[in-house]
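Working notes, structure below.
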Amino acid sequence: MSIRVGQAGLGEWGKNLVRNFDELADLAWLCDTSEELRERFAGRYPRATLTADFDELLADDELEAVVIATPVPTHHELARRALEAGKHVFVEKPPAMRREEMIELLELARERNLVLMPGHLLLYHPGVQRLKQLVDSGELGEVLCVYGNRQNLGVIRSHENALWSLGVHDLSVILWLIEEEPEEVVAVGRDFLQPGVEDVVFCYLRFPSGKVAHMHLSWLDPHKLRKMTVVGKEKMAVFDDMELERKIVVYEKAPWEPAERYGEWRTRTGDIYSPNIPVDEPLRLEVAHFLELVRSGPGDHREAVDGLAVVGALERLTESLRGS
Ligand SMILES: NC(=O)c1ccc[n+]([C@@H]2O[C@H](COP(=O)([O-])OP(=O)(O)OC[C@H]3O[C@@H](n4cnc5c(N)ncnc54)[C@H](O)[C@@H]3O)[C@@H](O)[C@H]2O)c1
């Protein structure tokens, strides 16, 4: 049986979610406050009912799941109302702008045994999944540091800064790879174009195990970079989403302390290889995962717990940024 789904937010990103939910589920409702968008989508998706009123969609007793792809400041309120109405929720990243709000959503989902899944798209990317395997299998050895580059002379947002718009992606991956919450976070940046909206942000995170992470986030940059580097004690791996074929490259490069030369470090260089990464669309895999959770139940709410860690770190990084 196809899962009955309704989606709020039919904008630039929302249209991609609509396409996937229409293919994989019974997309019964489409909701947007823009009349122009409602008219456009009514033509494309004649089986769905269009509305400007989110409550109308929630009042459908048969509706099982709600997808939220509206602007970030509206996420918490809409997700809360959907959970209170007994619906499973997929909500675009980040689901809330404050840790307290995310805790409230998580508690609601737990109380009512509902799925609450934040749209951390990169976690469903086959390349990032492979990076996680490399870390978890121990192939890289002990992980020492991870750093992300997300730069481009790209869309200059006026509501979210580079940390909230770009950093949320890298942060979700870094926390997922390291599986710890940072004990120290520092963010510095500058709002060159619009007051209060940082275009360039540098972040540093230190974890209880001693691992460190760094993020360079900017939409003022000559390079288009979508890269994550993991430095292990045995090997190093790079995920580069701009590469068509070599999305992951593993370098057998490591520090090495020869037994006969106590206290003296050397470096070791061996093979460099690139494993085959499936070309499946990450968004389709993400949507399929959500529908699977709706079918099987939320389990230990891992997705929402991961989302809470991301919102918590974002909030702390923002405090640091504002103090900079
Ligand atoms: N996962 C990703 O890679 C990715 C990429 C881009 C954007 N996003 C996320 O997707 C979300 C939407 O981004 P976008 O670029 O599509 O924005 P957008 O501004 O293009 O679209 C948002 C839409 O929501 C509608 N809307 C606003 N308030 C509403 C309400 N109360 N009820 C119903 N509709 C409402 C607006 O009319 C608009 O059409 C954001 O949270 C963004 O962070 C995720």
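In each ligand, atom 1 is the first atom listed, and ligand 1 is the first ligand listed. Along the sequence shown, residues carry numbers from 1.
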Note to self: Under 4.0 Å from atom 26 (N) of ligand 1, is there at least one protein heavy atom?
What the structure shows: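 Within 4.0 Å of atom 26 (N) of ligand 1, protein heavy atoms are found.
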
Under 4.0 Å from a heavy atom of [X]: give me the atoms of ligand 1 that qualify, with their elements.
X	result
Leu121	1 (N), 3 (O)
Leu37	39 (O)
Val72	41 (O), 43 (O)

Check the surroundings of atom [atom1] in [X]: do more than 12 heavy atoms from other residues, nucleotides or ligands lie under 6.0 Å from it?
X	atom1	value
Phe41	CZ	yes
Lys132	NZ	yes
Arg246	CZ	no
Glu12	CD	no

Next item on the list: Mind checking whether His169 contacts ligand 1 via backbone (N, CA, C, O), side chain (CB onward), both or neither, at a 4.0 Å heavy-atom cut-off?
Entry: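 Side chain only.
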
Check: Any idea which part of Thr70 is under 4.0 Å from ligand 1, heavy-atom wise: side chain, backbone, both or neither?
Finding: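 Looking at Thr70 and ligand 1, atoms from backbone and side chain both fall under 4.0 Å.
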
Notebook entry, point to check: Minimum heavy-atom separation for Leu106 to Ala304, with atom names?
Noted result: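 So the minimum-distance heavy-atom pair works out to CD1-CB, 3.6 Å.
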
Suppose we measure from [atom] to each protein heavy atom; which comes out shortest, and what is that distance?
atom	answer
atom 23 (C) of ligand 1	Asp32 OD2, 3.6 Å
atom 42 (C) of ligand 1	Lys93 NZ, 4.1 Å
atom 21 (O) of ligand 1	Gly11 CA, 3.3 Å
atom 20 (O) of ligand 1	Glu12 N, 3.0 Å
atom 32 (N) of ligand 1	Thr33 CG2, 4.0 Å
atom 14 (P) of ligand 1	Trp13 N, 3.8 Å
atom 10 (O) of ligand 1	Glu92 CG, 3.3 Å
atom 31 (N) of ligand 1	Leu78 CD1, 4.2 Å

Next item on the list: Tell me whether the centres of the aromatic rings in Tyr204 and His214 are closer together than 6.0 Å.
Entry: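 No - the distance between ring centres of Tyr204 and His214 does not fall below the 6.0 Å cut-off.
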
Margin query: Looking only at the aromatic ring of each residue, does the gap between the centers of His125 and Phe239 stay below 6.0 angstrom?
Written below: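 Ring-ring flag for Phe239/His125: true, centres closer than 6.0 Å.
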
Next item on the list: Output yes when the distance from some N or O of ligand 1 to some N or O of Thr74 is under 3.5 Å, and no in every other case.
Entry: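 No; the residue has no nitrogen or oxygen that sits under 3.5 Å from a nitrogen or oxygen of the ligand.
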
Item checked: Audit row: Glu183, Arg316, salt bridge (charged side-chain N to carboxylate O under 4.0 Å, His left out) steps and yes/no -> CA-CA 10 Å; Glu183 61 180 11; Arg316 289 170 59 202; over 6 Å; no

Checklist line | From the candidates Pro71, Ala52, Ser172, the one that places a heavy atom nearest atom 28 (N) of ligand 1 | finding: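 Considering heavy atoms of Pro71, Ala52, Ser172, the nearest to atom 28 (N) of ligand 1 sits in Pro71.
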
Next item on the list: Would you indicate which of Ser34, Gly14, Ala69 comes nearest to atom 22 (C) of ligand 1 when only heavy atoms are counted?
Entry: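 The option holding the nearest heavy atom is Ala69.
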
Check: Would you say His120 touches ligand 1, if touching means a heavy atom closer than 4.0 Å?
Finding: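 Flag not set, His120 not near ligand 1.
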
Notebook entry, point to check: Do any heavy atoms of His75 fall under 4.0 Å from ligand 1?
Noted result: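 So His75 counts as touching ligand 1.
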
Margin query: Between Trp219 and Ser165, does the side-chain hydrogen bond (donor to acceptor under 3.5 Å, both in side chains) criterion hold? Intermediate values first, please.
Written below: CA-CA 10 Å; Trp219 48 61; Ser165 173; over 6 Å; no

Item checked: Lys247/Asp240 salt bridge by N-O under 4.0 Å criterion ->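 Salt bridge flag = no for Lys247 with Asp240.
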
Notebook entry, point to check: Is the shortest side-chain N to carboxylate O distance from Arg268 to Glu257 below 4.0 Å?
Noted result: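 No salt bridge links Arg268 with Glu257.
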
Note to self: Checking salt bridge (Lys or Arg N to Asp or Glu O under 4.0 Å) between Asp22 and each of Lys15, Arg47, Arg284, Arg44, which is the one that passes?
What the structure shows: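 Of Lys15, Arg47, Arg284, Arg44, salt bridge (Lys or Arg N to Asp or Glu O under 4.0 Å) with Asp22 is met by Arg47 alone.
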
